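Here is the structure we will look at, set down as C-alpha cells.
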Protein chains: 2
Amino acid sequence: MVAVDIGGTETKAALVTGTAEAVVAQKHARRATPGQLEPLLDVLAELVDELRGASEHEVDAVGIVAPGIVDEVNGVGVYTANLPWSEFPFSAVLTERLGVPVAFGHDVRAAGLAECRMGAAKGLRNAVIMPIGTGIAGALLLDGQIFSGGGYAGEIGHVNVGHGVPCACGQVGCVETVASSAAIARRYTARTGRAVNGAAEVASLVKAGDEDAVAVWHEAVDALARGILVLATLLGPEAVVLGGGLALAGNLLVEPLEDRLDGLIAFQRRPELRLAALGDEAGFLGAALLAIDTLEA
Amino acid sequence: MVAVDIGGTETKAALVTGTAEAVVAQKHARRATPGQLEPLLDVLAELVDELRGASEHEVDAVGIVAPGIVDEVNGVGVYTANLPWSEFPFSAVLTERLGVPVAFGHDVRAAGLAECRMGAAKGLRNAVIMPIGTGIAGALLLDGQIFSGGGYAGEIGHVNVGHGVPCACGQVGCVETVASSAAIARRYTARTGRAVNGAAEVASLVKAGDEDAVAVWHEAVDALARGILVLATLLGPEAVVLGGGLALAGNLLVEPLEDRLDGLIAFQRRPELRLAALGDEAGFLGAALLAIDTLEA
C-alpha cells in the first residue's frame, strides 16, 4: 500500500508492505505541502500515482495521516491551525478519486500505533507515546487500543505544569512552552542572545557544561516530568515512550527525567521511560497500519 | 444477585435485580467494616446469606466493590490505605466460599459504570464520572468502556492544579486538597475558627452571603475547573458527571464551575457538566452490573 504523512511544510509518502503486525517502507517520494485544499488533493494523488508506478504489486489501499483534530473513525480532517482544511472528508473524497480504500488518521496517533505494534511499546496494553518536536503531543494506548477521544485526546503538551510561561495556545504553563525542541532552542537564545541550531545544539552545550544550556535543559526536564506525572495519575501507563527530535538526545534526556520523575511520584504507578524505536518513519508506518486495518475491517 | 459496597467504616449490601442495562436495589443490609481480613470475609458471607434468605429467587452471582487499588480483571484487592488487605484474591476466595460467581471491582469505577449504563452518562461514549466526597476520584468512560489502567487510572483528585497546598498523599496542589467536601469544611473552619457540619453547611453559608464561605467555595470551584480542564486536554470527554456529597449542592456548584471552565478552556473540547443521577446507590448498582457482566462473559 501507499502511506502518506501530510506535514506542515512537506508531505512525505512511501510504498509500504507488510501485515497488521509489522510493515516496512520501501520507496519514498515527497512534495512541498500546498497551502490550499485542491492543490493538496492533487499532490496526494500525484504521490500515490508515482508510488503505484514504482510498485511491483497492485496498491490495494492508501493510508494518510495529518496533524490537527482528526476524526479517524469517519476519515475527516476536522481542524488544523496551519493547513488548508476544515471538516473535510478525506477518506470519502480520496477513496472515490483514487479507486482504492483510503484510511485517514492522525499523525501522532498513527505514529503511536506503529510504536505499539512494532516499536518501543510492543506488547504493552497501556502506554503513552510522546513525540517531542516543534510541539509535544501524546498517543494514548489504553487497553490495547489507541484512544482518540473524538479527535481531542492526548494534548499532553498543553497541560499546565505551573511554570507560568504563556503559550501560543492562549493558556499558561503548558508543558511544550518550555520542553519542546523548539522551546528549548528558543529559550536558550532568549537567555543568552546566542542563536542555536535547534535543541540538538543546546544538548551539545549541556554536555559541554554550558550553564545556560544546563538551566534551560533542567527546566525542560522538570516540565516533562510533571507532564508525565499527570499521565501516571490519570491513566497509569506501564510506559511512556519518548519520541520526536528531542528523543535523539537519548540518555541526556532520559536519565535526568528518570530522576525527576522519581522525585515527584507518590502513590502512582511509575511508568517506565523508553525511547521511540521507529524515528521519522513512525508516521508512514502508522498510516500503512491504518490502511491495513481498514482493509481487514 | 447480591451487591456489596465495602466502605472505610461501613459495608453495605443490597439484593439487586435487573439486566446489564438497568438494575434496581430492593432489600438492604449493612455491617460495620471489620479491621481485619478474616472477620471482613465473615461479614461479607453473612451479608450475602442474609440477603439470600430474603430473596424470592435464587442468588446467582455476587458483585463486591471496594476502594483503593483494585484489579477487577483478576478480582484482586491490590492495595488500600485503610482496609485490611493487600494483593488479596477476593473473587477466587469468595467464589469458592459462597458457591456462586463473585465479581470484585472498584467502588468509584463501578459507580461510574452504573452512571454510564443507567444514569447521567447514559448513551455517551466518552465521559468522566467524578465523585466528590471525602476525596475526589474519577471513573473514565473511554470509547464506551470503563478504563482501569491496571487499577491505577482516574486519580483526578491528585492532579496538581497549582494552589500550593500540601496533600496527605505527599504531593502539593492536589485538586482534592481544596475541593473535596471534607476539604471545604476543613478550610472553612481553619479560616474562621467555626466548626461546620460538612460542606453542606458551607454551601448554606455561601447562599447566605458569608464572605469566608464564598472564598472557600470559590477556591474549590477553581481547583475543580482546573482539574476538569486537564481531563479535557488529555481525554476530550463529552461530559463530566459530578457526583458524591458535593454534587448535592446542585447549581451552587455547577453554575460557577461552568463559568470558571469557560474562562479556562482554550482549544479543548468543552465537556458538558452534569450532576450524577444515582446518588449513594451507584456503588451497589455498579457492583450488580459487574456481577451480571461476569455471568454473561
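Chain letters run A, B, ... following the sequence lines, proteins first, then strands; residues in each count from 1. Source: prediction; values computed, not measured.
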Item to check | Short N-O contact, B:Glu255 and B:Arg260, less than 4.0 angstrom | outcome: no
Checklist entry - Looking at A:Ile265, A:Asn126, A:Leu235, which one has more heavy-atom pairs under 4.5 Å with chain B than the rest? => result A:Leu235
Next on the checklist: Using a strict threshold of under 4.0 Å (side-chain N to carboxylate O), is an ion pair present between A:Glu72 and A:Arg109?
Outcome noted: yes
Item to check | Residue among B:Thr233, B:Leu229, B:Leu264, B:Asn160 with most heavy-atom pairs under 4.5 Å to chain A | outcome: B:Thr233
Item to check | B:Gln145 and A:Gln145 side chains, donor-acceptor separation under 3.5 Å | outcome: no
Checklist entry - If you count heavy-atom pairs under 4.5 Å between each of A:Gly173, A:Gly138, A:Gly154 and chain B, which one has the most? => result A:Gly154
Checklist entry - Taking the six-membered ring where the residue is Trp, are the ring centres of A:Phe90 and A:Trp85 under 6.0 Å apart? => result yes
Checklist entry - Checking A:Arg125 against chain B: side chain, backbone, both or neither under 4.5 Å from a heavy atom? => result neither
